[in-house]
Structure formats: C-alpha cells, structure tokens
Protein chains: 2
Amino acid sequence: MQTRLTIKDIARLSGVGKSTVSRVLNNESGVSERTRERVEAVMAQYGFSPSRSARAMRGQSDKVVAIIVTRLDSLSENLAVQTMLPAFYAEGYDPIMMESQFSPELVAEQLGMLRRRNIDGVVLFGFTGVTPEMLQPWQSSLVIIARDAPGFASVCYDDDGAVQLLLQRLYELGHRHIGFLGVPDSDTTSGMRRREAYMAFCQRNGVTPRIAQPGVTMVKGYEHFTDVLTPETTAVVCATDTLALGAGKYLQEHPEMHIQLASIGYTPLMAFLHPEIVGASLGYAEAGRRAAAQLMGQITRQAELKQIVIPVTLN
Amino acid sequence: MQTRLTIKDIARLSGVGKSTVSRVLNNESGVSERTRERVEAVMAQYGFSPSRSARAMRGQSDKVVAIIVTRLDSLSENLAVQTMLPAFYAEGYDPIMMESQFSPELVAEQLGMLRRRNIDGVVLFGFTGVTPEMLQPWQSSLVIIARDAPGFASVCYDDDGAVQLLLQRLYELGHRHIGFLGVPDSDTTSGMRRREAYMAFCQRNGVTPRIAQPGVTMVKGYEHFTDVLTPETTAVVCATDTLALGAGKYLQEHPEMHIQLASIGYTPLMAFLHPEIVGASLGYAEAGRRAAAQLMGQITRQAELKQIVIPVTLN
DNA sequence: CTGTTAGCGCGTTCAC
DNA sequence: GTGAACGCGCTAACAG
C-alpha cells in the first residue's frame with residue numbers, strides 16, 4: 001500500500017502553501033477564485049482526501065456518532081436506523097452501532113466508553129430503566145428515540161394518537177365492544193401509555209373496557225387473546241404487532257369467531273399474513289430521519305433540544 | 001467540557017517521561033515493574049484513555065471496521081451482526097454499519113469511501129453482483145459472508161448440507177414424493193446451489209424432482225406453492241424461511257392437504273406460527289463470530305485467508 | 001490573499 | 001530503564 005498523499009503533497013503539486021490547501025478543504029473564505037480552482041483540480045486529479053485522524057486531533061470532532069439500538073433484530077428500530085444511516089453519511093459522519101439488549105447497565109457502560117472515545121453524538125433507542133442521570137453527560141449531543149426525558153432531545157411515537165386512531169376507526173366501523181390486548185405497565189410507552197389511551201377513549205365513548213396486558217411476545221398474545229373477550233366483543237386492539245400476530249394465529253385457528261383485529265405497528269409480514277387487520281403505523285422511517293437531522297443540528301449548529309412527535313398513519 | 005488529560009499529564013503526575021507512559025500503554029517491555037505499576041495506578045485513578053486520533057495518526061490503524069449488510073432488516077444478517085459486534089468491541093475496534101441494498105454499485109461506492117477513510121477492515125454480506133474485482137483492494141482485510149470468492153476469506157453457509165439434511169430427514173419420515181420451492185438461479189447460493197443439491201438427492205434416491213423457483217417473497221411462496229405439487233406429493237422443501245411462510249399460509253388455508261413442510265432457516269417466528277415445519281438452521285450467530293474472529297486475525301496477525309463453512313443443524 | 005510557523009497527542013528513535 | 005527530541009497530517013495564528 002503506497003503511502004497516501006497529504007495536504008503537503010497537494011500544496012507542492014499545485015504550487016501553494018499547506019494552509020491554502022487547508023483553506024480550500026474547509027471552504028474558508030480568503031482564497032482567490034483562481035487558486036481555489038487550481039487546488040481543487042489537483043485534489044480531484046489525485047483523488048485526495050484528508051486524513052480523518054489528523055483533523056480529529058486538531059479540531060475536536062472525529063465525526064463519529066453512535067447508534068444504540070435495544071436489539072439488532074428489532075424490526076421497528078431497524079426501519080428507523082435504515083433512514084438514519086444515509087443521513088449521517090451525507091454529513092460525513094460515521095455511525096457506529098451498539099446493542100443495549102434492554103440493559104441499563106450495559107448502556108451506562110457503553111456511554112462511558114463512547115465518552116472516552118470522544119464520540120460526537122449518540123442516538124439512543126430508549127427503554128424502561130434508562131435514567132436521565134446516566135444520560136446527563138450527553139445532554140447536548142444525544143437524541144433519544146421512543147422515550148422522552150426532560151431536558152433531552154427526543155423523537156417519540158404518538159402512542160396516544162395511534163390508539164385513538166384505531167379505536168375511532170373501529171368505532172366508525174360499528175364496533176362497540178372492543179377489547180385491549182396490551183403490554184404490561186412496566187413499559188411506559190407501549191404498556192402504560194397505550195392502555196391509558198384506550199381507557200380514556202372508552203370513558204369518553206361509554207365503552208366498557210376489557211383489558212389484558214400479558215406481555216410482549218407472540219405466544220402471550222396467542223394464549224391470552226381470549227382474556228379480553230366477552231360474548232359481545234367484536235373487535236380487539238393489540239398494543240403491538242407482535243401481540244397481534246399471536247392473536248391473529250388464534251383467530252386463524254378459530255374461523256368461526258369473526259373478530260376484527262387492530263394493531264399498532266403494521267409490517268409487511270402482517271400485511272401478508274393478516275391483511276384484514278387494521279394497522280396504525282408509527283412512522284419509524286420518519287423517526288430515523290428526524291432523529292439524525294436533530295442530532296446533526298445539535299452537533300454542528302447547537303440546535304435547540306426539541307422534543308419531536310411523529311404523526312401516526314392508518315393503513 | 002474540560003480538556004481531557006494527555007499522556008503528558010500522566011507523565012507529569014506520575015513523575016516519569018512521556019515515553020515511559022507510552023510504553024506502559026502499549027505493554028512494551030523495558031519498563032521496571034515498579035514504575036509500570038505506578039503509572040498504571042495514576043492512569044486508573046484519573047480514568048485516562050489515550051486519544052484514538054493521535055494514535056491513529058502515528059500508526060496506521062484507526063481501529064475501525066465496517067460491516068456492510070445487504071439490508072438492515074434482514075433477520076439472518078442481524079443474527080450474524082449481533083455476535084460480531086461484541087467481538088469487535090472486545091478488541092477495541094469500532095464497527096460502522098452500511099447497507100448495500102443489494103446494489104453492487106452502492107457497494108463499490110461504499111468500499112471506495114472506506115478506503116479513503118483508511119478503514120482497517122470490512123465484513124461484507126455477499127450477494128449476486130459483487131465481483132472479485134471490486135473487492136480486490138481489500139483482499140487482505142475483507143471477510144465476505146454467505147458467498148465465497150477465490151482468494152478471499154469467507155464464511156459460508158452449508159447450502160448443500162442443509163438441503164441434504166432436510167431431504168434425508170423427510171425421507172426417513174417416509175416421504176417419497178418431495179417438491180422443492182426455491183429461489184431463482186440468479187441467486188447463486190440460495191437459488192442455484194440449493195436447487196442443485198435437491199436434484200442431486202433426487203437422483204441418488206430415485207425421487208422424481210418437482211421444482212418451482214418463483215422468487216424470494218412470502219407472496220411468491222404462497223402463490224406458487226401448488227406448482228410443486230403432484231397428487232402424490234407429501235412433502236415440500238422450501239429454500240428459504242420466507243418462502244416457507246408463504247407456503248405455510250397456503251396450507252393453513254387448506255387444512256385438508258396434510259403436506260409436510262421443510263425449510264432452510266428456522267426463526268422464532270416460524271417456530272411460533274408453524275411448529276410442525278422441519279427446519280434447518282444455517283448457523284448465523286456462529287457465522288458472525290467466525291467472521292469477526294477471522295477479520296481480526298487478518299488485521300492484527302496477518303492470518304491466512306480461510307474459507308470457512310458453518311455446519312448446519314436440524315431443529 | 002497567501003506562505004510560514006507552531007503545536008495538537010502520541011509513537012519512535014536515539015542518547016543518557 | 002528512562003527521558004528528550006522529532007514528526008505524523010492537519011489547523012490556527014501570525015506575517016507578509
């Protein structure tokens with residue numbers, strides 16, 4: 001591997017000083033149009049690109065951000081990451097990935113390591129157990145997704161709106177006895193918040209609530225589907241698509257039941273297996289875009305720490 | 001943010017010279033036990049960690065590797081990445097992620113960018129269209145997964161073995177008329193290779209082959225499932241779990257058919273939806289581990305470019 | 001407008 | 001064994 005050429009070489013090759021090359025590189029003013037063009041031509045010709053490490057050492061930033069997902073095989077998070085990556089690359093930032101596995105301790109450790117590495121920013125997929133304290137050092141260079149924390153930038157999903165949207169649709173379709181298959185309250189957003197939104201709707205519309213919060217897995221959805229059924233029940237809202245898959249399997253095995261399912265989260269898999277389900281999309285892709293944009297704003301322009309809520313859409 | 005302390009500070013604080021600290025840092029010999037301990041104590045006390053950028057500038061390596069997945073939402077690839085990440089972190093390497101979206105052009109572009117960035121190594125999830133030529137510059141610091149290329153290190157799945165294992169099992173179960181629902185030959189491994197393995201088995205065992213290769217999606221599996229059926233057919237092998245999900249749905253809607261499904265790839269989703277399916281696991285997690293180990297070996301110890309094949313297991 | 005100079009934090013000779 | 005000096009590629013301050 002031949003030694004890469006440096007800013008000095010470019011300077012020599014284009015007959016100028018190093019600092020002029022540096023100025024051109026950073027689009028600084030104070031360089032005549034002619035020299036700028038000449039230098040740029042030489043750089044292009046030799047395919048020159050400055051050493052990241054050297055710049056990082058002078059400035060502060062090594063232009064690296066971290067994305068901490070809860071689980072690499074979480075479909076929803078992947079959809080968000082998918083839109084994040086190009087956004088980061090477009091700004092010249094390298095995204096490194098980590099997996100928190102829903103462990104607050106692991107996150108604390110990872111954040112520590114990232115701080116020592118002098119990383120520029122972090123996108124963290126939140127979950128129950130991450131406390132504002134552990135995020136404190138990152139306040140100005142962190143965006144948290146799926147959770148909000150006071151004083152931090154965040155991109156959240158509209159749990160409340162999603163539940164309302166689904167219930168309203170079911171209501172319009174004539175359903176008056178609607179059960180709710182949910183996640184335990186220990187999960188703030190997908191658990192408690194969605195349940196509360198359901199209860200609020202019931203109260204407003206004189207619907208008798210019927211709730212079960214068995215867990216997060218397909219199996220739980222399958223086994224506890226009947227928990228939310230009364231003889232009058234004609235529809236059930238599932239708090240997550242995973243639960244909905246469980247419920248869907250139960251219904252498939254009981255074709256006589258004719259219960260309308262609704263679900264927060266609508267994946268291609270669900271569209272294929274259960275096209276009849278009414279689904280609400282939380283806008284993962286959009287969340288990724290917004291999170292990346294927000295973080296870049298904070299890093300490069302001290303943008304204010306906004307709390308963003310992604311609008312829901314019905315499928 | 002207060003200015004981080006440097007090797008110089010540590011030197012001053014422990015009453016030695018910079019180079020001694022440097023030696024301790026790199027575990028070099030030629031430092032008395034006493035001073036080493038003293039310096040290490042100081043480093044620990046102040047939580048010192050050397051600047052990556054500065055080291056990168058001196059040596060070659062910035063200790064960054066890239067992982068190029070085809071799609072972020074590919075479950076199989078995620079399982080491999082999941083085991084890769086800790087392996088990289090354990091060696092002090094930061095893994096940055098990219099998505100190729102099955103586009104050879106994109107990969108070429110990404111590899112170019114990575115080369116300019118002076119990245120240490122790449123794990124590439126292969127697919128049809130990536131040519132050895134574009135990988136050439138990376139020969140010594142690349143591991144390709146799911147494809148093999150002559151002269152490159154690779155970690156491959158045992159397509160042949162998986163098909164054989166499944167067919168053999170079905171055969172043992174008494175099935176003699178077994179169809180094959182596959183992926184088009186344009187995909188070398190999951191398409192052609194698996195089909196050929198099927199045909200070879202049929203030939204050896206006097207089974208009449210019955211093949212369809214409609215595509216890769218669930219919908220294709222669903223719509224073309226009947227293509228591989230004859231009145232005698234009692235079992236069907238699906239080349240991928242995605243196809244199997246499609247076929248499974250078809251069977252669920254036709255409970256009278258009683259056809260035994262078998263599939264390459266066995267996910268929790270499938271275990272839940274279709275526990276009756278005979279599945280072969282390709283060993284994604286193991287592949288991730290091996291790939292990371294192989295790459296680290298190549299980078300740090302010029303390990304030879306091995307072509308690794310992960311053994312299949314039956315579920 | 002442009003070239004020169006001085007470091008950034010670290011690794012690497014060299015002398016001591 | 002250990003420290004002082006030098007330079008990596010780049011940016012920032014200062015001269016011209």
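Every chain is numbered from 1 and lettered A, B, ... according to where its sequence line falls, protein lines coming before strand lines. All values derive from a computational prediction rather than experimental measurement.
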Sequence neighbours excluded, every pair satisfying salt bridge (charged side-chain N to carboxylate O under 4.0 Å, His left out) that has a member inside residues 43-54 of chain A: A:R52-A:D94
If a pair satisfies salt bridge (charged side-chain N to carboxylate O under 4.0 Å, His left out) and one of its residues is in residues 13-30 of chain B, list it, with sequence neighbours excluded. none
Just jot down the side chain to side chain donor-acceptor pair (under 3.5 Å) partners of [X], sequence neighbours excluded, or say none.
X      : value
B:Q139 : B:Q136
B:N26  : B:R55
B:Q298 : B:Q294
B:S19  : none

Selection: residues 14-38 of chain A, any non-hydrogen atom under 4.0 Å of DNA chain C: A:G15, A:V16, A:G17, A:K18, A:S19, A:T20, A:R23, A:G30, A:V31, A:S32, A:T35
Nucleic acid contacts of residues 42-50 of chain A, taken as heavy-atom distances under 4.0 Å to DNA chain C: none
Is it the case that the side chains of B:S61 and B:D120 hold a donor-acceptor pair, with the cut-off being a distance below 3.5 Å and no angle test? yes
Name all residues meeting the salt bridge (Lys or Arg N to Asp or Glu O under 4.0 Å) criterion together with A:R71; count only those two or more places apart in sequence or in a different chain, and write none if there are none. A:D73
Taking salt bridge (Lys or Arg N to Asp or Glu O under 4.0 Å) as the definition, give me every residue that meets it alongside A:R12, ordered by chain and number, with sequence neighbours left out. A:D9
Angle by which the axis turns from one end of the helix from C:dC1-D:dG16 to C:dC16-D:dG1 to the other, five pairs per end, to 10 degrees: 40°
First and last nt of DNA chain D near chain B, cut-off under 4.0 Å to heavy atoms, 5' to 3', are D:dG1 to D:dG9
Would the distance check show the side chain of B:S14 and the main-chain N or O of B:I10 forming a donor-acceptor pair, the cut-off being under 3.5 Å? yes
